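One structure is given below, encoded as structure tokens.
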Amino acid sequence: MRRSAWLRSLRWRLLAATFVAVAVAVVMAGWVLSGLFSEHVTRQFTVALTAELDQVTARFELDAQGRPSLDPAVLSDPRWTRPYSGLYWQVDQIGGAAPRRGVLRSRSLWDAELQAPADQLADGGVHVHEVAGPGGATLLLVERTVRIAAGGTGAWRLLVAADRHETSQAIERFNGMLALSLTALLGLLLLAATAQVAVGLAPLKALQQALAAVREGREQRLHGRFPLEVQPLVDDFNSVLERNAEVVARARTQAGNLAHAIKTPLAAMAQAAGSARQHPDELVALPRLVAEQVEVARRHVHWHLARSRAAAAQGVPGMRAEVAPIVAGLVRVMSRVHGERGLRLETEAVPPGLAFAGETQDLQEMLGNLLDNACKWARSTVRISATAAQAAGAPRLRVVIEDDGHGIAEKQQAQALVRGSRLDETTPGSGLGLAIVHELCGLYGGELSLSRGELGGLKAALLLPMAASMEVQ
């Protein structure tokens, strides 16, 4: 119930938004259509009244004494003669010294008069007004000013008006039918919107079920057919699931490897301890054996931790480790560790700003293993250099560590990079140093190459990703 609450909420929100949008659109459409129809009816009514006004104007004349006259018999519409019929005409005198209203008027006005607003009309121009008529009826009135007397002194105002009741009823009937039609249309649109929302959200329901299958352990990834708009989200989520599965598998593998690697030193120490209890004369060799096996276990732990750290840091942007201080620190440490041998550690000037695009501890682990290995096998000299290089069209950090020892034969160089492989059993060690460097370097997309150096011994060259802001020379 709770799992689908968000879906129901989204559905109702979409329906509410659709309802508001459709309702506003329908109301606006109704308002526009009603206004257009009302304007059309009024225009047609005005055109009909103007035609009647033209007829009145054509029949209006002055007799020989200058008195206005208009024979009602010549007007075609019988409503002119029926009292309060709803169609009226009237003639007002507006020129001369004494303007008069209702000089002539239709019999349909009976004892009433048309009250037109006072305005200035150009001769022949037509104005339209809405006025009150007999019995309080609303009339639409058209008027025109004409001049007949010589010299333009005789000005007459001709008025024609008609009751708007029929046009108002027509507009009301149209608005009623329009309201019913738009209401039905609104209902149909809401049904269509409901169906559209239900169909549109159906893939989300399928996605929810697929997620439930993954959560309950019935599936390892999202399965199903989804719309093009949802498919990228499904693909990204499946990529995350695959990445998590890889991380879990790698963690299990590393835990198993670490347990297996530590088991051997522990077994060796347990066997030595049991043997020493039975043969007390072997107690003298026990400390050295324990120290060697502890060192082996420590190197295994460091190696697995370095692998985990590098795998987690791979591809993380913004990581930066300055090379110069790391090299200087390692040289100081190795000078003390191997001080009794009187080795000369030569360090070429590291360009300022040169940096490794990764974890500081990983760079220390790689350079520390190479330096320690070089110091173990060197006769007198170890040389270190770090420069910016270009490889495969990308800037790279190149670190070279070489010694003047006896080196490694070319056919044995590949074997030296295998974990646990020791080419010389007479020298203490675990066989993990070069393997750690090789694997860490590979996790960062770098390379480790072994060759014979200028000093005559082993030359180890590291090619690693370089952090930005260093110009390649």
Side-chain angles (χ1 to χ4, degrees), residues 35-174:
L36 289 175
F37 182 78
S38 177
E39 182 181 354
H40 171 74
V41 170
T42 302
R43 186 184 298 113
Q44 292 297 107
F45 195 34
T46 302
V47 169
L49 284 179
T50 303
E52 297 289 354
L53 179 62
D54 292 340
Q55 189 179 33
V56 171
T57 303
R59 302 293 186 268
F60 178 71
E61 58 185 11
L62 298 179
D63 59 14
Q65 288 76 31
R67 290 176 297 184
S69 65
L70 196 156
D71 186 4
V74 299
L75 299 178
S76 59
D77 198 319
R79 289 180 296 173
W80 297 119
T81 60
R82 189 169 67 248
Y84 305 131
S85 64
L87 182 63
Y88 315 104
W89 62 265
Q90 180 175 300
V91 177
D92 295 344
Q93 183 179 9
I94 57 176
R100 291 183 299 162
R101 176 177 295 167
V103 176
L104 297 175
R105 55 186 175 177
S106 64
R107 184 171 179 79
S108 58
L109 276 173
W110 198 247
D111 58 352
E113 292 182 352
L114 296 176
Q115 303 291 332
D119 57 357
Q120 298 295 326
L121 282 173
D123 292 349
V126 177
H127 278 192
V128 181
H129 304 283
E130 191 172 273
V131 298
T138 300
L139 307 179
L140 187 68
L141 181 146
V142 294
E143 60 173 330
R144 173 185 289 143
T145 298
V146 297
R147 295 180 185 274
I148 299 179
T153 56
W156 305 89
R157 190 179 192 184
L158 307 182
L159 312 174
V160 172
D163 196 339
R164 293 206 59 175
H165 178 68
E166 291 185 2
T167 59
S168 299
Q169 282 188 330
I171 293 173
E172 289 177 0
R173 286 194 300 270
F174 175 81

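All values below come from the heavy atoms of this structure, side chains included, with hydrogens, waters and symmetry mates left out. Please read these numbers as outputs of a predicted model, since none were measured by experiment.
Side-chain contact between Q93 and W156: present, with at least one pair of heavy atoms (C-beta onward) separated by less than 4.5 Å. Taking the side chain as every heavy atom from C-beta outward, L158 and L53 approach each other to under 4.5 Å. Using a 4.5 Å heavy-atom threshold, the side chains of R164 and F45 count as touching. Contact of the L75 side chain with the W89 side chain is registered, since non-hydrogen atoms from C-beta on lie closer than 4.5 Å.
In this structure, CZ on R67 lies 11.0 Å from CG on L104, to the nearest 0.5 angstrom. Rounding to the nearest 0.5 Å places CD of Q55 at 5.5 Å from CZ of R59. Residue L159 holds its CG atom at 5.0 Å from CG of L141, rounded to the nearest 0.5 Å. Taking CG of L70 as the reference point, atom CD of E61 lies at 8.0 Å (rounded to 0.5 Å).
For the residue pair R105 and L109, the shortest heavy atom distance occurs at CB-CD1, 3.8 Å. Among all heavy-atom pairs drawn from L87 and L49, the shortest one is CD1-CD2, 4.2 Å. Looking at every heavy atom in both residues, L139 comes nearest to L114 through CD1-CD2, 3.8 Å. Q90 and R101 make their closest contact through NE2-CG, 3.5 Å (heavy atoms, listed as atom of the first residue, atom of the second, distance). Scanning both residues, S108 and R79, for their nearest heavy atoms gives CB-O, 3.3 Å. Considering every non-hydrogen atom in both L62 and P68, the closest pair reads CD2-CA, 3.4 Å.
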Does T167 form a side-chain contact (heavy atoms from CB on, under 4.5 Å) with T42? I'd like the steps, not just the answer. CA-CA 8 Å; T167 59; T42 302; over 6 Å; no

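For the residue pair H40 / Q44, no side-chain donor-acceptor distance below 3.5 Å is found, with atom types taken as modelled. For R144 and T50, the side-chain atoms include no donor-acceptor pair closer than 3.5 Å.
One N or O on the side chain of Y88 and one on the backbone of G86 form a donor-acceptor pair closer than 3.5 Å.
Residues satisfying the salt bridge (charged side-chain N to carboxylate O under 4.0 Å, His left out) test with E172, not counting sequence neighbours, are none.
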